[in-house]
Colleague: 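First, the structure itself, so that you have it in front of you.
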Amino acid sequence: MTSTLTPRPVQEAEPARPGTVPRRRTRVLALPEARWAAVATACFLLALPLQLTGAPAWTWGPLYAAAYATGGWEPGWEGLKALKDRTLDVDLLMVVAALGAAAIGQVMDGALLIVIFATSGALEALATARTADSVRGLLDLAPATATRLSPDGGEQVVPVEELTVGDTVLVRPGERVGADGRVLDGASEVDQATITGEPLPVPKERGDEVFAGTVNGTGALRVRVERDASDSVIARIVRMVQEASETKAPTQLFIEKVEQRYSLGMVAATLAVFLVPLAFGEQLNDALLRAMTFMIVASPCAVVLATMPPLLSAIANAGRHGVLVKSAVVMERIGQVDAVALDKTGTLTEGSPRVTDVRPLPGSRLDEGELLTLAAAAERPSEHPLARAIVDAAREQGLDLPEAQDFTSAPGVGVTAVVDGRAVAVGAPARLTDDALDGVAELEESGRTAVLVVVDGTPAGLLGIADRPRPDAAATVAALTTLTGAAPTLLTGDNPRAAAHLAAETGIDDVRAGLLPQDKLAAVQEMESAGRKVLVVGDGVNDAPALAAAHTGIAMGRAGSDLALETADAVIVRDELAAVPATVALSRRARRLVVQNLVIAGVFIAGLVVWDLAGDLPLPLGVAGHEGSTVLVGLNGLRLLRESAWQKAAAEGSA
């Protein structure tokens, strides 16, 4: 579609694939942990062959010292700061163990501990950064600048943060829209895949809404800004995702509490391992080396790292697929749900009314196309949602709509107009005629809204209008039933007939209709008081109390109200209902990985401790085993970053 504006030459836009988020990848050496670890490793690798070949100590001693300093200063400093707050940090224990090894002449072993510990910390920092990359990539959706138009027609390129409500911006072909707003002039197609998930560009013309971060097509648009940059859809999404990386799940918090007691106990046990053999005549160096090895292998580093990588990886993976989980707490809780309550309009249904039936009445001498043409022509000037549904139905069928004359609208009744010289009225049957018409009851019983079309004072036909179920509604209900062991409950403020009809189509048995917001809240509280962990999925203001009261709340993001988006724990940005069971399944996979990691960490710690106490565990082998288990659980958690993890979760959620 071409624009009514004259587009100006622009620089070539950055290529972007529809429906994808621009990728950012943190370079390894951009992380200070990685740089210090690299220096420490280099110093160690230079010193080791010199020592092994019998070179003088002055050649390799400074290199080992440099390895200690570069690899150990940061964890040592953090440990001292924690000690100042009366907290015993595991990092400090590792540095003390390395210094203790050096004090008894095991300089190489202590340096190896520092190098492995620093490398492990660098890998952990890289894993966290790469997870954050997936989240932070959402920031690239919104452009940094926009072209603001002044009242006299001048243009000024300004940062998007300086745009205010009421400003007019020019969006040239290929550019990203700079702010949420409404089209004042021009016509184009806009790729909204990154926001709504729509696979095809959406035609935009005067009066249509556009979103910041979406990609303009071949035409130019003048857009009036309707939201500040901080309140745009993409800004709200970014804020919610950023919050996810700053929170910790209950399991992690519990482990950190246990870690303090564990560390104190470990220090006491280390002293016992040192003093008891010494009291029975063991050599000082041997007793100290055994104690240092014990302190290293018994440290709970792997246990501490067992929880967050799986949960943060799951958050990042879900975010790439349009599900924005606000915190690691939420990601853990989603997998715990055993009951689901679903809203109707905008959740199980598309949220916009559509014409489902066109029925000319006997004696009208009109066919379906003529009846729909007259009704749509009369309704075209109206802004009522049902009027838009009728006009949209006529356009979908390619009908030519004549101009309507003498248009009037009566709230609660309908509209009247003169179309091709014929008086046409469209509205509620009970308001337009006193006669009982065949077909009205049938339409209403099937959950549709009946609309009567009167031509020249005589009833000419009926239109049935309904909010259609989402294509994946029935499959989602079935998947949630399989995952939780119980069919979802339908909570809606709609009339019982419409609710019952939708429930029958989607496979829901428990239907609660005609509910006010407080009624939905009471229904969720009733389920929670019965011991159920309820997941509520909704999109409207009336769903917000239930979303807040539920064990977990998920909002449909495309048409979701601001209050619902703020109240919910997670948001389905692309409006794909099937993402709900997929997220539940992904959360459960993350929880299983947490358990796996805890088992792996426990087995390594127990095995190494027994070896050290009952046998003679070499310090380098103890260091390798301890740090290896830490790296292993970290990498195990990162498995959920892979695309296949989402695909498996989606398959599990649809099984």
Colleague: Could you tell me whether the side chain of Arg591 reaches within less than 4.5 Å of the side chain of Val595, counting heavy atoms only?
Modeller: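 They are not in side-chain contact.
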Colleague: Please identify which of these residues, Lys533, Arg333, Arg532, meets the salt bridge (Lys or Arg N to Asp or Glu O under 4.0 Å) condition with Asp338.
Modeller: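 Only one of Lys533, Arg333, Arg532 forms a salt bridge (Lys or Arg N to Asp or Glu O under 4.0 Å) with Asp338, namely Arg532.
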Colleague: Grab the two heavy atoms, one from Asn636 and one from Arg639, that are nearest each other, plus how far apart they are.
Modeller: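 Scanning both residues, the minimum pair turns out to be OD1-NH1, 2.6 Å.
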Colleague: Counting distance only, does the side-chain N/O of Arg588 pair as donor-acceptor with the main-chain N or O of Leu483 below 3.5 Å?
Modeller: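 Yes; at least one donor-acceptor contact below 3.5 Å.
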Colleague: With rounding to the nearest 0.5 angstrom, report the CD to CG distance, Glu332 to Leu311.
Modeller: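 One gets 6.0 Å once the value is rounded to the nearest 0.5 Å.
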Colleague: Determine whether Leu577 and Leu348 make a side-chain contact, defined as any pair of heavy atoms from C-beta on separated by less than 4.5 Å.
Modeller: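 When only atoms from C-beta onward are counted, Leu348 and Leu577 do touch, with a gap below 4.5 Å.
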Colleague: Nearest 0.5 Å please: distance from the CZ atom of Arg642 over to the NZ atom of Lys648.
Modeller: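 One gets 6.0 Å once the value is rounded to the nearest 0.5 Å.
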Colleague: How many angstroms lie between atom CD of Glu226 and atom CZ of Phe211, to the nearest 0.5 angstrom?
Modeller: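 So the CD of Glu226 and the CZ of Phe211 are separated by 10.0 Å.
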Colleague: Measuring only between side-chain heavy atoms, which start at C-beta, is Leu640 closer than 4.5 Å to Leu593?
Modeller: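 Yes - at least one pair of side-chain heavy atoms lies under 4.5 Å apart.
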Colleague: Show the numbers, then the answer: is there a side-chain contact (heavy atoms from CB on, under 4.5 Å) between Met556 and Val537?
Modeller: CA-CA 7 Å; Met556 304 301 293; Val537 185; 4.0 Å; yes
Colleague: Give me the atom names and distance for the closest heavy-atom approach of Ala487 to Thr481.
Modeller: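 The answer is CA-OG1, 3.4 Å.
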Colleague: Quick check against the 3.5 Å criterion: does Asn317 have a side-chain atom that pairs as donor or acceptor with the backbone of Glu643?
Modeller: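 The answer is no, because no donor-acceptor pair under 3.5 Å joins these two groups.
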Colleague: Would Leu535 and Val580 satisfy side-chain contact (heavy atoms from CB on, under 4.5 Å), going step by step from the backbone distance to the final call?
Modeller: CA-CA 10 Å; Leu535 167 64; Val580 175; 4.0 Å; yes
Colleague: Spell out, as yes or no, whether a donor-acceptor pair under 3.5 Å connects the side chain of Ser587 to the backbone of Thr583.
Modeller: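 Flag not set: sc Ser587 to bb Thr583 has no pair under 3.5 Å.
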Colleague: About how many Å separate CD1 of Ile508 and CG of Leu491, when rounded to the nearest 0.5 Å?
Modeller: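 Leu491 CG to Ile508 CD1: 9.5 Å, rounded to 0.5 Å.
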Colleague: Can you measure from CG (Leu586) to CD (Gln647) and round to the nearest 0.5 angstrom?
Modeller: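 Taking CG in Leu586 and CD in Gln647, the distance rounds to 12.0 Å.
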Colleague: For His321, check ring-ring contact (aromatic ring centres under 6.0 Å, His included) against everything at least two apart and list the hits.
Modeller: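 ring-ring contact (aromatic ring centres under 6.0 Å, His included) list for His321, sorted by chain: Trp646.
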Colleague: Got a donor-acceptor contact below 3.5 angstrom from the Thr349 side chain to the Lys344 backbone?
Modeller: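 Yes; judged by distance alone, with no hydrogens or angles, the pair exists.
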Colleague: Are the side chains of Ile465 and Val451 in touch, meaning some heavy atoms are under 4.5 Å apart?
Modeller: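 Sidechains of Val451 and Ile465: in contact.
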Colleague: Could you tell me whether the side chain of Asp569 and the main chain of Gly553 form a donor-acceptor pair under 3.5 Å?
Modeller: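 Yes, because the side chain of Asp569 sits within donor-acceptor range (under 3.5 Å) of the backbone of Gly553.
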Colleague: Between Asp208 and Lys204, what is the shortest heavy-atom contact and its length?
Modeller: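 Heavy atoms of Asp208 and Lys204 come nearest at OD2-CA, 3.4 Å.
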Colleague: Would you say Arg227's side chain and Ala212's backbone share a donor-acceptor pair under 3.5 angstrom?
Modeller: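 A pair under 3.5 Å: no.
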Colleague: Measure across Pro488 and Leu342 and return the closest heavy-atom pair with its distance rounded to 0.1 Å.
Modeller: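 Closest pair (atom of Pro488, atom of Leu342, distance): CB-CD1, 3.8 Å.
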Colleague: Looking only at heavy atoms, which two atoms of Ala503 and Leu490 are closest? And how far apart?
Modeller: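 Residues Ala503 and Leu490, closest heavy atoms: CB-CD2, 4.3 Å.
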Colleague: Report the C-alpha separation of Arg470 and Glu350 in whole Å, then their side-chain angles, then the decisive distance to 0.1 Å, and conclude whether the salt bridge (Lys or Arg N to Asp or Glu O under 4.0 Å) test is met.
Modeller: CA-CA 5 Å; Arg470 294 179 184 271; Glu350 295 175 347; over 6 Å; no
Colleague: Output the distance between atom CZ (Arg592) and atom CG (Asn597), rounded to the nearest 0.5 Å.
Modeller: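 Separation between the atoms: 13.5 Å.
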Colleague: Going by ring-ring contact (aromatic ring centres under 6.0 Å, His included), name the pairs with one or both residues in residues 476-519, residues two or more places apart or in two chains.
Modeller: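 Sorted result for residues 476-519: empty, none.
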Colleague: Can Arg176 and Thr214 be said to form a side-chain contact (heavy atoms from CB on, under 4.5 Å), step by step?
Modeller: CA-CA 5 Å; Arg176 289 186 178 270; Thr214 56; over 6 Å; no
Colleague: For Thr484 and Ala339, indicate whether the former's side chain and the latter's backbone hold a donor-acceptor pair under 3.5 Å.
Modeller: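 Looks like no, no N/O pair under 3.5 Å.
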Colleague: Starting from the C-alpha separation in whole Å, work towards a yes-or-no answer on side-chain contact (heavy atoms from CB on, under 4.5 Å) for Val536 and Val524.
Modeller: CA-CA 8 Å; Val536 172; Val524 172; 3.7 Å; yes
Colleague: Just checking, is any N or O donor in the side chain of Glu528 or His551 under 3.5 Å from an acceptor N or O on the other one?
Modeller: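 Checked: Glu528/His551 side chains show no N/O donor-acceptor pair below 3.5 Å.
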Colleague: Please test Glu505 against Arg468 for salt bridge (Lys or Arg N to Asp or Glu O under 4.0 Å), starting from the C-alpha separation and ending with a verdict.
Modeller: CA-CA 10 Å; Glu505 287 187 84; Arg468 297 189 301 191; over 6 Å; no
Colleague: Between Asp357 and Leu463, is there a donor-acceptor pair closer than 3.5 Å when you use the side chain of the first and the backbone of the second?
Modeller: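 No; zero donor-acceptor contacts below 3.5 Å.
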Colleague: Given salt bridge (Lys or Arg N to Asp or Glu O under 4.0 Å), test Lys520 with Asp343 step by step and report yes or no.
Modeller: CA-CA 9 Å; Lys520 291 188 175 184; Asp343 173 49; 3.0 Å; yes
